[in-house]
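These numbers come from a predicted model, not from an experiment. Values below: all heavy atoms of this structure, side chains included; hydrogens, waters and symmetry mates excluded. Naming: A, B, ... by sequence-line order, numbering from 1 per chain.
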Amino acid sequence: MEPTTLGFRPHSLGNLRRMTDAINENEYDVFAIQDKWLPIWDDLRPFASGNAGDTRPKKYVLDMFPYPSGDLHMGHAEAYALGDVISRYWVQKGFNVMHPIGWDSFGLPAENAAIKRGLDPKGWTYDNIAQQRASMRRYACSFDWDRVLITSDPIYYRWNQWLFLEFYNKGLAYRKNSNVNWCPSCQTVLANEQVVQGLCERCDSVVTKKALTQWYFKVTEYADRLLDDLDTLEGNWPGKVLSMQRNWIGRSHGADVDFVIEGRTEPVTVFTTRPDTLFGATFMVVAADSALAAELAADADSETQAAFAAYLDQVKQSNDIERLATDRPKSGFSLNRFAVNPVNGAKLPIWASDYVLADYGHGAIMAVPAHDQRDLDFARAFDLPVQVVLETGEEDPAVSGVATTGEGTLINSGPLNGLSKADAIKKIAEVLEADGMGKSSKNFRLRDWLISRQRYWGTPIPIIHCANCGELPVPLDALPVELPSAEGLDLKPKGTSPLGGATDWVNVTCPKCGGAAQRDTDTMDTFVDSSWYFLRFLSPTSTEHAFPKEAAKEWMPVDQYVGGVTHAILHLLYARFVTKVLHDLGHIDFEEPFTRLLNQGMVLMNGSAMSKSRGNIVALSEQLDEHGIDAVRLTMSFAGPPEDDIDWADVSPAGAAKFLARAWRTANDVTSAPGVDFATGNKELRKATHTFLRDFGPLIENFKFNVGVAKIMELVNALRKAIDGEAGGADAAVREAAETVAKALSLFAPYTSEDMWAKLGFEPGVALAQLGVADESLLVESNVVAVVQVDGKLRDKFEVSVAITEDELRTQALASESVIRAIGDKQIANVIVRAPKLVNIATK
RNA sequence: GCCCCUAUAGCCCAAUGGCAGAGGCAGACGACUUAAAAUCGUCACAGUGUGGGUUCGAGUCCCACUAGGGGCACCA
C-alpha cells in the first residue's frame, strides 16, 4: 500500500463515518474535531519557545530526531506520543519548554534508494522530510516549529565540518592505516559499534577485514571519563543503558609486564588482569596478524616463513563469525623464538595465534594455562606445559582440562607463596615496579571511533591533501565544503568514495603552497551529525557559530531526552564524548548532555517486531483513520510502562476512543458558567478532583503515564456519576472536575481536550492552561477504616477517627468479636498498632 | 562464560513492607430501545512463576531455582 499522509486517506472508514454520523454537536466526531483545531493551533503557536521577554523558567525536552526513510510509522507514533506527554506536562506547569525537531537526513538509506531508482538522494530525502513534517503537524506533536534542523543542509553540516576541525586541531581526529571492519555489500568501512555479532548492522552481511587508511576520533582518550561519569547519571538514566555503556567501554584493571625476547633489543610488553599468576606463565602468544608476529617470524628459515605465511593467510581469510564461535578449536604457529619470564628467568616459547587480538592491550599475552581456560585449551592442543601456581583445592587443570580461576593460595611463586589472590596481585605490582619490569595498568574494550565512510550522502571531510604540504585543514572561512551535485556521479558502491569521481570538486589548489591538491573524498559517519545536534537547536539557522554560548548556558544540558533503546550505546556514547570534548575546548560548561533519559519500548505485533518479511506491519495511517489521532496517542500512553514493549495485538485503540468519547460528553453536560465558585460544589466530587490533582503530577514526572491515564479515567467515572446522580450538570464541582479532565487529557489527547475546553466556554489553548494544585483541606479525612489482623490475616475492620490514639485503637481492636474468635485459646504475644489504620495481633 | 532486567485475573497492567485491584480489554447480566447499535449501570474471575529465609506482617526485602528478555564475550 502506498504511504499516505496521516489521516488523509480519502475513502477511509473514518471519513465515511464522518459523513454519515456527524449529525449534531452532541456527537463526538473525532475527525471533525481534528480538522477544526489544527489550523487554529497553527495561528496560536502555543509551543513557541523563543519569544523575547518570556519569563517562564526554561526546560529542554528532546525527542531523538528521525531518519527520513518514508512516512512516520508506529514506532514514531509511540515515541512522539510519549515525548509529547512530558513536553506538554512541563508547558502546563508553566515552563518555557524547548521541544524542537529535526531530521538526521544523511546516510545510506537515501543513497541506496537513490541508486535503486536512479534518483538524486537529495530529492528522496527532502520529499520524505516534507511528508514526515506534515504528519507530525497533524499528529499534533508539540514541537517548536521555529527550531528545525536538517543535517543534510549545508547550513548544518558546515558546523559538522567545523566540529571535525576542532577535533583535528586538538589532536583528537587522526588518520591511520589498520585492519578495519569492511562491509562487502555496503562497500564501506564500519565502526566497531556498527558490527553486530560479526554482521553489518545495516544489511546483515558478514563483515570482513580490510587494511585501509581512515579517519578516527580519539574516543579512547575519554574512556575513563565516559565510564566514571555514568555514575552521575545513576537514577536519571535507565539502569539498562548505564550497564550497556559500562559493558561497551569495558575497563579491565591489571598490569603491564615486560618480557625480554632473546635476540631482540626491545622487550615485549603484555597486559594481564592476573599478574598474580606470573610464575605460572609457560608460553607467550602474539596476535598472528600483528606487526610483532611478522617481525618475530622474519628471521626464521624460508620453510618456516612460508608456513607462517600460510597460517597468517588462513587467519585473514576467516571472518568474525568464525572467529567468534566459542567452540572453535585453537589454532597457532610456533615462531621458534623465546621470551624470558622476568620473575623467574624461565624460557617461554613464543607462539602466534588468532585467539590473541592485535588491537587489544599490546597484541601479545603471557599464557598461564593452569588459570586461564583459553590458554589451557591452547596448551593442550599443542602439548605445552601447565604449571599450577594457585592452589584452589580443585583438580589439576592439566588433568581435568578445566582452568582454575577461583580464590586460593599462591604456590610455586617465590615471594608470592602463601598469599591470597588479592594480596598477590598487590604484591607483584610492587615487585615489578621496583625492578622496572612492569606496572599496574588498565585496558579498555572501547576502540577509537572510525568516522570515514566511502559514500556520497554525508558530510565531506574538510581536509585537503597536497603532495608537498601533506594533510591540511580547509580554512574556516572556506566552509562549508559543499557536496558536489550527484548528477553524473556513479554512486554505486565500489570501495572508494563516489566523490572521487567529481573531478572538478576534488581538484583544488593547496591553501598553503598554492600547488595542485586534492580534497579528501570520504564523508563522515552520520553518527557525527547526531552527536551534537541538540546544541544546534539553540540557533539552527546561524551562520555565525555552531551554537550560541550564552543560550547554551541558559538551556543546556537537555533536561529530558526521549528515544529508543536502540541508541543505548552508539549515539549516546558519541554524544557524551563530543560533549566532553566541547567542554574541554571551552565551548560549553557542562560535561553530560542529557540529564534525564527515557527509553521507550518498541511497538510489536503478535509478539515480534514489525517487518515486511514477517508480514505483520501495522500501518499507522490506517490506525489513525480507524480510531483517530487522539485514540492512537492515548493507546500508546496507556498500554503499560513506557519502557515496556507494546504488542499492538494486546491493546485496544477502540477502547481508548470509547473512553475519549465518554470524557468528551461530560463537558457537554456541564451547564454552569466558567468562573463559578467551585467551593459551593459537591464535596465528594471535589475530593475526587483534588485527589487526582495531588496524584497526577508525580505520576507523570515518574513516567507512569499509564497510571496517570487510569487516574483520569477514574475521575471521569466519578464525574459521570455526579452528573447522572444527585449533583447534576449544574453543580460547580462538576465543572471543576470537567475542566480538570480537559486539562489533564491534553497531554494525551490534544484534539479531544481542546474541544472539551471550548465546550466548557474557554478560548483555545488548553495546552497552556495550568492544571492547578490540590487543595489539601479537601483531602483531610475525619474518619478512616482501621484494619485488624490476627497473625497477619484480616479479621475485622471498622471506621475510626483519624485522631484515634494507639491505646484507644488497641482497646477497640481487642474488643472486636471476630478478633476474639480468631484468637481463640491462643495467647497474645504482641500487638502492633499503627494508628489509625492498622492493628496486628500476633499470637504464640 | 560474565553482568543485568522481568514474572500479579483469559489478556494489558495497578498496588510508600500493612485489606491483592486503581484503570482498561475481552466476558456475563440489567436499564434504555419495537429492535439493534450507541449509552448508562451491575457482576464474576487470581492469592502474586517455584522453594526457602527475614519480619508482628512479604506481590514488595534476602537467597536458590525455573521460564522469558537484554548487554558483553577467544578483550588476556
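- Nucleotide B:G10 carries an anti base; the chi torsion (O4'-C1'-N9-C4 or O4'-C1'-N1-C2) is more than 90° from 0.
- Of the candidates B:C13, B:U39, B:G24, B:C13 carries the atom nearest the A:P641 side chain, counting heavy atoms from C-beta on.
- As the counterpart of B:A58, no nucleotide is assigned, since no Watson-Crick or G-U wobble pattern has both distances under 3.5 Å.
- Across all strands shown, A:S243 has no heavy atoms under 4.0 Å from either base or sugar-phosphate atoms.
- In this model, the phosphate group of B:A76 is approached by a side-chain N or O of A:S252 to a distance below 4.0 Å at OP1 or OP2.
- A:R662 and A:N717 are linked by a side-chain donor-acceptor pair at a separation below 3.5 angstrom, with hydrogens and angles left out of the test.
- For the pair A:D791 and A:A661, nearest-nucleotide mapping onto RNA chain B gives the more 5' position to A:A661.
- Of the candidate nucleotides B:G41, B:A76, B:C11, B:C11 has the atom nearest to the side chain of A:D650.
- Residue A:R720 has no polar side-chain atom (N or O) positioned under 4.0 Å from OP1 or OP2 of B:U39.
- At distances below 3.5 Å, not a single donor-acceptor pair connects side-chain atoms of A:Y28 with backbone N or O atoms of A:A663.
- Taking only side-chain atoms of A:K797, from C-beta outward, the nucleotide of B:C19, B:A76, B:C72 with the closest atom is B:C19.
- Within 6.0 Å of atom CD in A:E234, more than 12 heavy atoms from other residues, nucleotides or ligands are found, so the atom counts as buried in its surroundings.
- With A:N706 contributing its side chain and A:A639 its backbone, the two residues share no donor-acceptor pair below 3.5 Å.
- Remark: side-chain polar atoms of A:D647 are paired, donor with acceptor, to backbone N or O of A:A649 under 3.5 angstrom.
- Rounded to whole Å, atom C1' of B:C11 lies 15 Å from atom CD1 of A:I646.
- With a 3.5 Å ceiling on both atom-pair distances, the Watson-Crick or G-U wobble partner of B:G1 is B:C72.
- Atom P of nucleotide B:A38 and atom CD of A:E27 are separated by 13 Å, given to the nearest angstrom.
- A 6.0 Å sphere centred on CD of A:Q812 holds more than 12 heavy atoms belonging to other residues, nucleotides or ligands.
- Remark: the separation of the C1' atoms in B:G49 and B:U6 is 11 Å, to the nearest Å.
- Comparing B:C56, B:A76, B:A14 against the side chain of A:D372 picks out B:A76 as the nearest.
- In this structure, CZ of A:F705 is placed 18 Å from C1' of B:C12, rounded to the nearest angstrom.
- Taking side-chain N and O atoms only, A:R834 has no distance below 4.0 Å to OP1 or OP2 of B:U16.
- The two atoms that bring A:L660 and A:A631 nearest to each other are CD1-N, 3.6 Å, heavy atoms only.
- The interatomic distance linking A:L660 (CG) with B:G23 (P) rounds to 18 Å, in whole Å.
- Nucleotide B:G41 has B:C29 as its partner under the Watson-Crick or G-U criteria, with both atom distances under 3.5 Å.
- Atom NZ in A:K704 sits about 14 Å away from atom C1' in B:G23, given to the nearest Å.
- In this structure a side-chain-to-backbone donor-acceptor pair under 3.5 Å is present from A:N616 to A:M605.
- B:U60 sits 9 Å from B:U48 when the P atoms are compared, rounded to a whole Å.
- When the P atom is compared between B:G23 and B:C62, the two are found 30 Å apart, to the nearest whole Å.
- Residue A:N840 has its side chain nearest to B:G18 when only B:G18, B:A22, B:G24 are considered.
- In this structure, A:A710 reaches the bases: a heavy-atom distance under 4.0 Å links it to at least one base atom across the strands shown.
- A:Y360 has a side-chain polar atom (N or O) that falls below the 4.0 Å cut-off from OP1 or OP2 of B:A76.
- The A:I365 side chain lies nearest to B:A76 when the options are B:A76, B:C56, B:C25.
- For B:U33 and B:A14, the P atoms lie 41 Å apart once the distance is rounded to whole Å.
- Under the Watson-Crick or G-U wobble criterion, with both distances below 3.5 Å, B:U34 is left unpaired in every strand shown.
- Considering only side-chain atoms of A:L794, the nucleotide from B:C19, B:C56, B:G24 that sits closest is B:C19.
- Mapping A:N706 and A:K837 onto RNA chain B by nearest heavy atom places A:N706 at the nucleotide closer to the 5' end.
- Pairing for B:U8 is absent, judged as Watson-Crick or G-U wobble with the two contacts each under 3.5 Å.
- Within 4.0 Å (heavy atoms only), A:F659 reaches no atom of the nucleic acid at all.
- With B:C11, B:A76, B:C25 as the choices, the nucleotide that has an atom nearest any side-chain atom of A:T272 turns out to be B:A76.
- Across the P atoms, B:C72 and B:U39 are found 48 Å apart, a figure rounded to whole Å.
- Closest to the side chain of A:I569, from the set B:C74, B:C72, B:G41, is B:C72.
- In this structure a side-chain-to-backbone donor-acceptor pair under 3.5 Å is present from A:D375 to A:V368.
- The base of B:G18 lies close enough to the side chain of A:Q789 for a donor and an acceptor atom to sit less than 3.5 Å apart.
- A distance of about 47 Å separates the C1' atoms of B:U34 and B:A15, rounded to the whole Å.
- Rounded to whole Å, atom P of B:C11 lies 17 Å from atom CZ of A:F638.
- Between A:R246 and B:C4, a side-chain N or O to OP1/OP2 separation shorter than 4.0 Å is absent.
- With both ends at atom C1', the span from B:A36 to B:A31 equals 15 Å, rounded to whole Å.
- One interatomic measurement links the two molecules: CG of A:L715 to P of B:G23, which rounds to 12 Å at whole-angstrom precision.
- Picking from B:C56, B:A76, B:G23 the nucleotide with the shortest atom distance to the side chain of A:F271 gives B:A76.
- Backbone-only contact: A:E714 has heavy atoms under 4.0 Å from sugar-phosphate atoms and none from a base.
- Phosphate proximity of B:A38 to A:K658: absent, as no side-chain N or O sits under 4.0 Å from OP1 or OP2.
- Listed pair A:N717 / B:A22 fails the phosphate criterion, with no side-chain N or O lying under 4.0 Å from OP1 or OP2.
- One P atom belongs to B:U42, the other to B:C56, and the distance between them is 42 Å to the nearest Å.
- Rounded to an integer number of Å, the gap from CZ of A:F382 to C1' of B:C74 is 14 Å.
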